[in-house]
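A note on names: the letters A, B, ... follow the listed sequences, proteins ahead of strands, and every chain is numbered from 1. Worth saying up front: this structure is predicted, and the values here are computed from it rather than measured.
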There are 2 protein chains.
Amino acid sequence: MINIKKILEEKGVKPSHQRITIMKFMLENKIHPTVEVIYENIIKELPTLSRTTVYNTLKLFELNGLVQPINTGDSELHYDITLDLHAHFKCIECNDIFDIDIVNNDFLDKVKDDGFNILDTQIYFRGICPKCKEKK
Amino acid sequence: MINIKKILEEKGVKPSHQRITIMKFMLENKIHPTVEVIYENIIKELPTLSRTTVYNTLKLFELNGLVQPINTGDSELHYDITLDLHAHFKCIECNDIFDIDIVNNDFLDKVKDDGFNILDTQIYFRGICPKCKEKK
DNA sequence: TATAATATTGTAATGATTACATTGTTGATA
DNA sequence: TATCAACAATGTAATCATTACAATATTATA
């Protein structure tokens with residue numbers, strides 16, 4: 001079993017009950033959840049949980065390199081626990097967000113050669129996933 | 001001189017005075033403007049212009065393939081008149097948004113091979129641009 | 001011109017996020 | 001163990017980009 005307390009502490013985040021529960025949810029459900037999704041899943045377990053705490057905690061996790069926000073263009077922000085460079089694919093049929101491996105990132109070299117200092121890279125696709133494609 | 005009326009008509013958009021003015025601004029200022037930036041620049045020329053008209057017009061342009069929205073993660077949506085596949089780089093110092101050519105898009109092949117039907121691709125970098133890098 | 005269709009406008013509503021003040025919890029120290 | 005300070009969690013209110021909607025204006029066509 002993973003030691004969530006340790007994960008938080010290593011990044012300088014004090015492991016409160018709420019923070020541990022939220023991190024546990026992120027690690028066990030890699031579904032790029034929104035604040036609302038996290039809140040609704042955890043409220044059963046932590047009945048006093050406030051939505052504000054979820055907002056605060058995710059902002060804190062982000063600042064300390066524990067999650068990354070992903071902006072799919074819809075109204076709510078999603079959060080991703082996977083941090084290494086990868087792309088996202090959002091299916092417009094089922095609305096699921098898929099992680100896509102980037103096997104070849106040579107395309108970044110040209111940008112760096114042109115003198116741009118890249119701190120963050122987001123690659124995002126919209127379309128129809130294999131499962132929904134088959135259904136039609 | 002470009003015939004803006006024709007550009008709109010070819011995409012099935014009726015060329016009203018407001019629409020022509022907004023399209024003209026987009027074509028002459030490729031700065032990935034927000035609704036607010038467009039509004040503030042055009043209000044001098046069209047004193048009765050409503051912010052709602054700018055919102056409506058950009059949504060209409062988007063639906064008819066005349067502009068694409070770009071989401072930089074800040075609160076306002078930007079719009080881009082350049083439609084061919086390219087990336088964006090946002091400088092965290094000067095806040096400018098740069099267009100970045102994609103010289104090699106082989107990385108898309110793997111995604112397609114995996115059965116994903118890509119309808120839209122967004123590539124977005126955050127970092128420090130060459131000019132701001134030099135200043136420091 | 002008359003009339004229908006469409007476009008523009010301004011105000012009000014929406015909804016995600018943030019600000020802020022209050023309350024609760026924890027941990028160190030005497 | 002009691003005290004106190006630092007920090008965390010909570011709930012409400014504010015913010016602000018965007019959208020909904022109703023009223024007015026404009027345009028196109030018969």
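Residue Thr48(B) has a polar side-chain atom (N or O) positioned under 4.0 Å from OP1 or OP2 of dT9(C). The side chain of Gln18(A) contributes no N or O atom lying less than 4.0 Å from OP1 or OP2 of dT25(C).
Checked against the 6.0 Å centroid threshold, Phe116(B) and Phe98(A) count as a close aromatic pair. Aromatic pair Phe107(B)/Phe107(A): ring centres closer than 6.0 Å.
Note: CG (Asp74(B)) to C1' (dT18(D)) measures 15 Å, nearest angstrom. Per the geometry, CG belonging to Leu49(B) stands 15 Å off C1' belonging to dA25(D), to the nearest Å. One atom, CG of Asn71(B), and another, P of dA17(D), lie 14 Å apart when rounded to the nearest Å. Summarising the geometry, the separation between OH on Tyr39(B) and C1' on dT18(D) is reported as 15 Å, rounded to the nearest angstrom. If you measure from atom CG of Leu46(B) to atom P of dA25(D), you get 17 Å, rounded to the nearest angstrom. Straight-line distance from the NZ atom of Lys5(B) to the P atom of dT27(D): 11 Å, rounded to whole Å. At whole-Å resolution of the value, CD in Glu62(B) and C1' in dT19(D) are 14 Å apart. In this structure, His17(A) atom NE2 and dT26(C) atom C1' are separated by 15 Å, rounded to whole Å.
When atom types are taken as modelled, the side chain of His78(A) and the backbone of His32(A) share a donor-acceptor pair closer than 3.5 angstrom. Side-chain atoms of Asp80(B) come within 3.5 Å of backbone atoms of Thr82(B) as a donor-acceptor pair (strictly under, hydrogens ignored). Within the 3.5 Å criterion, the main-chain N or O of Lys14(A) finds a donor-acceptor partner in the side chain of Arg19(A). Of the possible donor and acceptor atoms, one in the side chain of Lys133(A) sits under 3.5 Å from a partner among the backbone N and O of Gly115(B).
We find that Lys30(A) and Asp99(A) are not joined by a salt bridge, their nearest charged nitrogen and carboxylate oxygen being 4.0 Å or further apart.
Listed nucleotides dT6(C), dG11(D), dA9(D) differ in distance to Lys14(B); the shortest reach to its side chain belongs to dT6(C).
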Could I get a table of every N or O pair under 3.5 Å where one atom is in the protein and the other is in nucleotides 16-23 of chain C?
from: dT17(C); atom 1: OP1; to: Leu77(A); atom 2: N; distance (Å): 3.0
from: dT17(C); atom 1: OP2; to: Tyr55(A); atom 2: OH; distance (Å): 2.9
from: dT18(C); atom 1: OP1; to: Lys59(A); atom 2: NZ; distance (Å): 3.1
from: dT18(C); atom 1: OP2; to: Lys59(A); atom 2: NZ; distance (Å): 3.4

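Counting non-hydrogen atoms under 4.0 angstrom, Ser16(B) reaches the backbone sugars and phosphates but no base.
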